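Notes follow once the structure below has been shown.
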Amino acid sequence: MTPEELVSFITEQGYPRFRAAQIGDWLQKGVTDFDEMRNLPAQIRENLKSSCYISVATIEKKQVSRYDKTVKYLFSFPDGECVESVLMSYHHGYAICISTQVGCKMGCTFCATGQSGFARDLTASEMLAQIEAAQRDENVRISNVVLMGMGEPLDNFDNVVRFLRLAGSEKGLNIGMRHITLSTCGLVPKIRELAKLRLQINLAVSLHAPNDEIRARTMPVAKAYPMEQLLDACRDYFDATGRRVTFEYALIRGVNDRDEHARELGQRLKSLHCHVNLIPVNAVEGTGYMKSDLQRQRAFADILAGYGIAATVRRTLGSDIDASCGQLRRKSLHKE
Ligand code: SAH
Ligand code: SF4
């Protein structure tokens, strides 16, 4: 609930509105049980227990990277469904990558999540619960959030927008919108809908190819929304929000990493206010894809730079702990 919804709920129950503020404070502290709300009379706590619940993400599995202290969680919810989150530590603080759905419908061929199908959407509170659980477990305060875990955020639009408002609110997690990044595979109408909301979040778009033909080989969504439409929507997103769009480009050996691909991409993106994140593809078991070597990664970035496009090769964190989302859940499903 938003603070306003909490006030109407509490007053409808016949309690004074300051009780809503007290409950809000406890929730902001991250309590997971109504009995911990010690300044509430027992009768209110009992009433809350019978009519409400606090979303909690339970740690099923936790892996800590030996190389860089990245933490990978497999969280479960009361219905038994599991999602993954990754906590990363940077010199300026902590960032978390959270999931927005259990699985994904989009079916990208390089992605472990896409390969294991879709179960259900997450609620806004289940997205918040991943952040709360990681903060509690590691006793840290998270300052940056990326929606790059399992799922396609824009395919769960209403819950994700609700999450963004709650996470960004002063009475919620109070993480500034500018510290939140939403990544999408390119659902054009939803990008346009998001632009209309003018939230100050960062938008990342998974491009992974210089043209529709190559894109459609790895991303079925390319058949529904051609790249020209997608890039137009990104242009309009920038015009509406003033936020520069990031393009993600996973370099896959022999598929999308040749010089001619970089030149074609450079041509298409040079008029956009954007940044390109080059990511050596994470070789997910069973996909047959391999990452481009270091030399290829650099050559690709250099060609883009020649078109005036800021391109960086993303550092890999947690490579020893299946930190690419979908891998851990898939393993645990296989075991079952
Ligand atoms: N569904 C959204 C967000 C979740 S995926 C999206 O597709 O953008 C987050 C990012 O991880 C996307 O850029 C996705 O393309 C990328 N990704 C998925 N599998 C990958 C892999 N095996 N190697 C590198 N990047 C991968
Ligand atoms: Fe879904 Fe994103 Fe994976 Fe594609 S890359 S299957 S959209 S999670």
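Keep in mind the model is a prediction, meaning the values are calculated, not measured. When a ligand or atom number is given, it counts from 1 through the structure's own listing order.
Close contacts of ligand 1 with Asn282, meaning ligand atoms under 4.0 Å from a residue heavy atom, involve 21 (C), 22 (N), 23 (N), 24 (C). Near Thr184, meaning under 4.0 Å from one of its heavy atoms, ligand 1 places the atoms 6 (C), 8 (O). For ligand 1, the atoms closer than 4.0 angstrom to any heavy atom of Met148 are 4 (C), 5 (S), 9 (C).
Salt-bridge formation is detected for the pair Arg120/Glu126: a Lys NZ or Arg NE/NH1/NH2 atom is positioned less than 4.0 Å from an Asp or Glu carboxylate oxygen. Residues Arg263 and Glu260 are not paired through a salt bridge, judged by the lack of any N-O separation under 4.0 Å between the basic side chain and the carboxylate. At a threshold of 4.0 Å, the pair Glu5-Arg162 counts as salt-bridged, since one of the basic side-chain nitrogens sits closer than that to a carboxylate oxygen. One finds no salt bridge joining Asp212 and Arg217 here, because no Lys/Arg side-chain nitrogen approaches an Asp/Glu carboxylate oxygen to under 4.0 Å.
Residue His208 holds the heavy atom nearest to atom 14 (C) of ligand 1 of all those in Met219, Glu248, His208, Glu152.
Protein atoms that are N, O or S and lie under 2.8 Å from atom 1 (Fe) of ligand 2 are these: Cys104 SG.
Considering Arg19, Glu12, Arg17 as possible partners of Val7, the one that fulfils the side chain to side chain contact (heavy atoms under 4.5 Å, CB included) test is Arg17. No option in Leu40, Asp33, Ile23 other than Leu40 meets the side chain to side chain contact (heavy atoms under 4.5 Å, CB included) test with Arg45. Of the listed residues (Thr123, Ile98, Asp158, Asn156), just one forms a side chain to side chain contact (heavy atoms under 4.5 Å, CB included) with Phe163, and that residue is Ile98.
Residue pairs meeting the ring-ring contact (aromatic ring centres under 6.0 Å, His included) criterion with at least one partner in residues 195-214, sequence neighbours excluded, are Phe110-His208.
Using a 4.0 Å cutoff on heavy atoms, Gly151 counts as a contact of ligand 1. The closest approach between any non-hydrogen atom of Cys104 and ligand 1 is not below 4.0 Å.
Some N or O of Phe110 is nearer than 3.5 Å to an N or O of ligand 1, by distance alone.
Between the side chains of Tyr289 and Thr109, at least one donor N or O lies within less than 3.5 Å of an accepting N or O.
Relative to the six-membered ring of Phe34, Lys49 misses at least one condition, a distance below 6.0 Å or an angle of at most 45° to the axis.
If you look at Val284 next to ligand 1, the close heavy atoms, those under 4.0 Å, all belong to the side chain.
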